[in-house]
Amino acid sequence: MGKFQTALTVPCVAVEGGGLFPVRRIYCVGRNYADHAREMGSDPSREPPFFFGKPADAVIQGHAVPYPPKTKQLHHEVELVVALKSGGRDLSPKDAEAAVFGYAVGVDLTRRDLQEEAKKTGRPWDMGKGFDASAPIGRILPRDRAMIEPGTAIRLSVDGKERQNGTISQMIWSVAEVLANLSTFVELKAGDLIFTGTPSGVGALDPGARVEARVDGLPRLLFTVK
Ligand code: MN
C-alpha cells in the first residue's frame with residue numbers, strides 16, 4: 001500500500017457555554033417555507049419534505065467565509081439548524097424531538113447559478129449546495145435553554161439591510177415532522193445537523209458582504225464574505 005497523509009479530523013461546532021459538538025452528517029430540507037417555495041417557482045402545497053446533504057466539513061465558524069469559485073450567484077438562506085444527540089430509524093415525531101441536543105442559526109450558502117443549471121438538466125445539486133465552507137453556523141444552544149416557538153423570528157441582514165424576515169410558524173413541516181420523515185430514509189445519529197429550510201428573501205452575496213443571521217433566543221451568526 002502506498003503512503004499517504006490525510007487530515008482525518010472530525011469537524012466540530014462550538015456549544016454555547018463551552019464544549020464542542022462533533023458533526024457526523026449535514027442534512028438540509030428543501031422548500032420548507034411556503035413563501036420561499038413560491039419565490040423559487042414551486043407550489044408550496046404540503047408535499048412531503050425532500051432532502052439533500054452537505055459534507056460534514058462544510059461547517060464553518062468564524063468571521064470570514066470565503067467566496068467560492070465557479071459561481072456568480074452566491075445566495076444566502078438563513079435556517080434554524082437542529083443538532084442531534086441521538087437518533088434512530090422510523091422515529092415518531094415525539095421520539096424525534098427527544099433526539100434533539102440543541103439549536104443553532106445556520107446559513108445554507110448556495111451557488112444558485114449552479115443549482116439552477118442542475119435543476120434544468122436533471123443533474124445532482126451537490127456542486128451547487130455542498131461546496132467548501134457552504135454551511136456557516138453559530139454556536140449551538142442546548143435545547144433546555146432554547147425557546148423555539150411558533151412566533152420565534154428568523155432573520156438575515158446584509159450590510160445592515162434586512163433581506164429575510166420570517167417566523168418558525170411559517171415552516172410547512174415542523175422540526176419534529178422533518179426529523180421523523182428524514183428517519184424513514186436514513187438512520188439518524190448523534191452528531192447529525194439538520195438545516196430546516198429558509199423563509200423568502202434569499203438573495204446574492206458579493207465579496208465583502210457582512211451577514212448577520214438570527215433566530216430569536218439563539219446565539220447570532222455574523223460573518224463577512226471574503
Ligand atoms: Mn436551504
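Reckoned from all heavy atoms, side chains included, excluding hydrogens, waters and symmetry mates. Counting starts at 1 for both ligands and their atoms, in listed order.
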Would Tyr27 end up clustered with Met171 when hydrophobic side chains under 4.5 Å apart are linked, directly or stepwise?
-> yes
The Mn ion (ligand 1) - closest N/O/S atom in [X]:
X	answer
Glu77	OE1
Asp108	OD2
Glu79	OE2

When the aromatic ring centroids of Trp125 and Phe50 are compared, is their separation below 6.0 Å?
->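 Close enough - the centres of the two rings lie under 6.0 Å apart.
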Taking everything shown except Arg220 itself, do over 12 heavy atoms lie less than 6.0 Å from its CZ?
->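 No.
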Working for side chain to side chain contact (heavy atoms under 4.5 Å, CB included), residues Phe101 and Ile140 = CA-CA 9 Å; Phe101 167 71; Ile140 297 170; 3.8 Å; yes
